[in-house]
Amino acid sequence: MEKSLKTQNYGADQIRVLGDLEGVRKRPAMYIGSTDKSGLHHLVWEIVDNAIDEAMAGFCDYIKVTLLDDGSVEVEDNGRGIPVEIHPQEQRSTLEVVLTKLHAGGKFGGQAYKASGGLHGVGLSVVNALSEWLEVTVKRDGKMYWQRYEYGKPVADVQEIGDVDDPNISATVVHFKPDKTIFSETRFDYEVIRQRIRELAFLNKEVTIELRKDGQEPEIFHYESGLAGLLEEIAEGDQKVTDILHFSGEQQDIQVEVAFVYVDDFDETIVSFVNSVRTVDGGTHVQGFRSAVSKTLAEVARRKGLLKDNNVSGDDFRQGLRAVVAVRVPEPEFEGQTKGKLGSKQVRGVVEDIVSKAFDSYLETQNEVMKTLVQRALASAEMRETFKRTKEMMKNRLRVESTVLPGKLSDCSSKDVERRELLIVEGESAGGSAKQGRDRTIQAVLPLRGKILNVEKANWKRVVDNEEIQALIAAIGTGVSDHFDYTKLRYGKIIIMTDADVDGAHIRTLLLTFFFRMMRPLVEEGHIYFAQPPLYKIERKRSKDVTYLYTDEELQTFLKKHDGENFEIQRYKGLGEMNAEQLWETTLDPETRNLYRVTVDDAEKADELFSILMGEKVQPRKEFIFANADLVKNLDV
Ligand code: 0R9
C-alpha cells in the first residue's frame, strides 16, 4: 500500500473507553451469539472484519488467515497497524486499551465503513476475553510491537521487539486460541471459514485474502470481477437471457455496487449486503434496487413504444432476475428480530438513483434485450392473472365443499378441542389398525390414500383439487388461506403418521407444505406433529419378550449390549405391518409415545423441498435427489 494512504491516523485520544471484559466471560453468548460451533467461528469473523474495515477505509489490501494445528488462528492485515502510543485517559498503550476495554474502537464516524458483524466494533476485546491466550503484533512507524494476553489479561506491557526495515511497512497480526472452558466446540471448520472468506473476497475486490491450514499451501482469494463473480455463482445452471450488468456509484457517502442478470425462470433472487455483511431480510437498499429495475424497464419500454397497457406490475419486470446488491453505509441502522434488514432511510433513494441512471443508459441502446424483457414481463402478467382467477375459483369451491365432514373420517367423541387429536394416517390398512387401536374419546383417524399424493407429479392446483386434501380441510374445520378461521379448529393436535420410506417422506413434505401455505397459523401455534412409529421390533426367541426400537442408533446400542443372544429382528417398512394393539403400544398411547412437534423452520424447509420436487426445473430436482441419496437409501430399505 502507498505510504500516503496511511498518514491519516486518528491517534490515541480518539479512543472511547467504556467498560471491561469480565462481563464478556460471564455471558459470552450475549456478545458472540452462542458458545457452540457458530460462536467459535464468530471469533474469526470478528478479527477478519477488523481487517476488512481497515481495507474498506482504504488502508489495507492483503489479509492472511492461518488455521494452526494447536487450535489457534492467526489473522494478519497490512493496514496502518493498531495505534500503540500511550492513551491519555488510560495511561497505557492504546493497543492494550483496544484489546482489554469493551467498546474501544475508532472514533465514532471517524472510520467511514465499519463492518457491522453484529458486535458494534467490540470485536478485538471480546475475542481476547474468550481466548486462552492472544498475541498481538503491530508493525508501525518502522518499529515492531508485541503483547501477550491470557484469558483477556495482559501478561506484560506492550513491548517494542525490533525494527521494521522498511518504514513504509505496517501491519497488525492477531493470533489467538479460543478458551476451551468457554466453547463446547473448539475445532475450526476450514470449509466454513473458506466460504465466508471467498464471499468477503467477492465483496471487496480490492483485497486479496490468503487462507491456509498449518503446514499446507495457501488458497488465495482475489476476484477482479467482484460482485459479478458472486452473481455467476448464484446464477449457475440458469439459462441467461441477458448479459451480466454491473453498476456502481457513490452519493451522500453511500457506496453502491450491484450486479444482475435475467435468467429463464419465474422467480427472483436478490442477495444483499451492507458493509460486507449479508442482510438476509433485505431492507432499504433492496427496495431501492427493485424499484429502480422495474421503473426503468417500464419507462424505457414506454418510451420505445414497446409497452402500452398498464396491466404489467413491478414484479412482472423482475421475473427471472438474479442480483447481488451491496452497499457501504457509514453508520447503518438495522431492523427486525435478527437485525438482518437494513433500515437506513436515505439508502433507498441513493440506490434507486444510481441504478436507474446506469440501467436506463444501458437499455437505451439495447433494443433486442428490451424486446426480450418486455415480452417476458407481458407473459408474466398474463400468467399472474390466470393464477389469480384459478385461486379465487378454488377458494370459493373449498369454502362450499369443505363444510361437510368426510365419510372416511372416524371422529372422536370428546368435545374438548385441546384434547382432541386428528391422526392423519398413510394408507388404508394402517388407517384400519389406527381406527381399532386408538382411544376413541380423543383420537380421530383420517386415512389418506398415499399414491394420489405423489409430490413430483402433482401441481399445486391438483393438490388442492385432491379429494384427500379436501377431506383433510373439512376435518380440520378452519378453512384455508384468506378464509382461515382459528376459532373453527376441531383438533388441538394434528398428527401426521407416514411410513419410514420415500413415499412417506414425500407425503409428509406435501402435508407440511400444505399446512405451511394454506393453514400457516396451525404451524406457527405448534398444532402439527409427527408420530414416531418404531423402526424395529425385537423379539427374544425363548421368552417372546418384545422390545421396540425407534432409530438405527438404538438398534446398534441394543445389539452391542446383548451381544451373542441372536434375536428375531423385524424392520417395519410401513405402519400397515403393525396390528392395532402394537400401533397403540408403540405410537398412539399418549402416556408412552414420542411425538415430534413441527416448527416453522421444518415447514419452511418442506416448502422449499416441495418447490424443488414439483418445480419446472429438472436440474435442482436431480441435485436434490443426488444430495439426498443417503437419506433415500436409509429410508427405502
Ligand atoms: C488482524 C486483524 N486486524 C485488526 O484487528 C486491526 C485493527 C486495526 C485498527 C487500525 C488499523 N489496522 C487494524 N487492524 C487502525 C484504526 C484506526 C487508526 N489507526 C489504525 C482508526 O480506526 O482510527 N484499529 C481498529 C481500532 C483501532 N485501530 C483503534 F484506533 F481503536 F485503536
Side-chain angles (χ1 to χ4, degrees), residues 1 3 5-19 42-68 72-90 92-117 119-129 131 134-141 143-147 149 158 164 169-176 193 196-197 200 204 207-212 275-276 330-331:
M1 290 239 86
K3 167 84 174 168
L5 279 178
K6 295 193 178 183
T7 49
Q8 194 199 342
N9 280 342
Y10 289 102
D13 56 333
Q14 278 162 312
I15 304 297
R16 314 228 330 178
V17 176
L18 293 172
H42 222 113
L43 301 181
V44 181
W45 313 149
E46 282 311 319
I47 303 298
V48 172
D49 276 355
N50 280 339
I52 293 283
D53 283 344
E54 186 67 357
M56 287 200 230
F59 299 105
C60 153
D61 64 3
Y62 209 95
I63 300 170
K64 289 186 204 172
V65 179
T66 312
L67 307 186
L68 292 126
S72 66
V73 180
E74 186 178 86
V75 183
E76 172 168 358
D77 71 59
N78 68 342
R80 288 165 293 180
I82 300 175
V84 290
E85 56 268 36
I86 297 294
H87 189 275
Q89 279 134 43
E90 289 277 321
R92 52 193 174 124
S93 168
T94 303
L95 178 63
E96 184 178 315
V97 176
V98 174
L99 275 139
T100 54
K101 288 277 179 180
L102 210 49
H103 287 116
K107 187 191 170 193
F108 288 118
Q111 227 173 343
Y113 305 106
K114 197 109 191 53
S116 54
L119 279 186
H120 328 289
V122 294
L124 275 168
S125 56
V126 168
V127 173
N128 192 20
S131 292
L134 180 149
E135 294 182 355
V136 59
T137 309
V138 170
K139 294 177 196 169
R140 211 178 143 98
D141 308 323
K143 299 241 172 353
M144 192 135 92
Y145 305 88
W146 180 85
Q147 191 175 28
Y149 307 81
V158 175
V164 182
I169 287 181
S170 58
T172 302
V173 188
V174 175
H175 185 186
F176 67 97
I193 293 178
R196 173 63 181 153
I197 282 191
L200 283 171
N204 299 276
V207 191
T208 303
I209 314 181
E210 204 181 282
L211 175 62
R212 190 151 52 116
N275 299 350
S276 295
E331 277 164 46

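In listed order, ligands and their atoms are each counted from 1.
- Remark: ligand 1 atoms within the under-4.0 Å shell around heavy atoms of V98 are 29 (C), 31 (F), 32 (F).
- Shown in contact with D77 at under 4.0 Å from a heavy atom are these atoms of ligand 1, numbered in order with element: 1 (C), 2 (C), 3 (N), 4 (C), 6 (C), 13 (C), 14 (N).
- Looking at T94 next to ligand 1, no N or O pair under 3.5 Å apart turns up.
- Within the 4.0 Å heavy-atom criterion, both parts of I47, backbone and side chain, lie near ligand 1.
- Judged by distance alone, with hydrogens and angles left aside, the side-chain atoms of S131 form a donor-acceptor pair with the main-chain N or O of V127 at under 3.5 Å.
- Without hydrogens or angle criteria, N128 side chain to L124 main chain gives no donor-acceptor distance under 3.5 Å.
- Although no hydrogens or angles enter the test, the distance criterion places a donor-acceptor pair under 3.5 Å between the side chain of S93 and the main chain of V84.
- Contacts of L124 with ligand 1, taken as heavy-atom pairs under 4.0 Å, involve the side chain alone.
- The option with the heavy atom closest to atom 4 (C) of ligand 1, from among V127, N50, L99, is N50.
- A donor-acceptor pair under 3.5 Å links the side-chain atoms of N78 to the main chain of D61, judged by distance alone.
- A donor-acceptor contact closer than 3.5 angstrom is absent between the side chains of Q147 and Y145.
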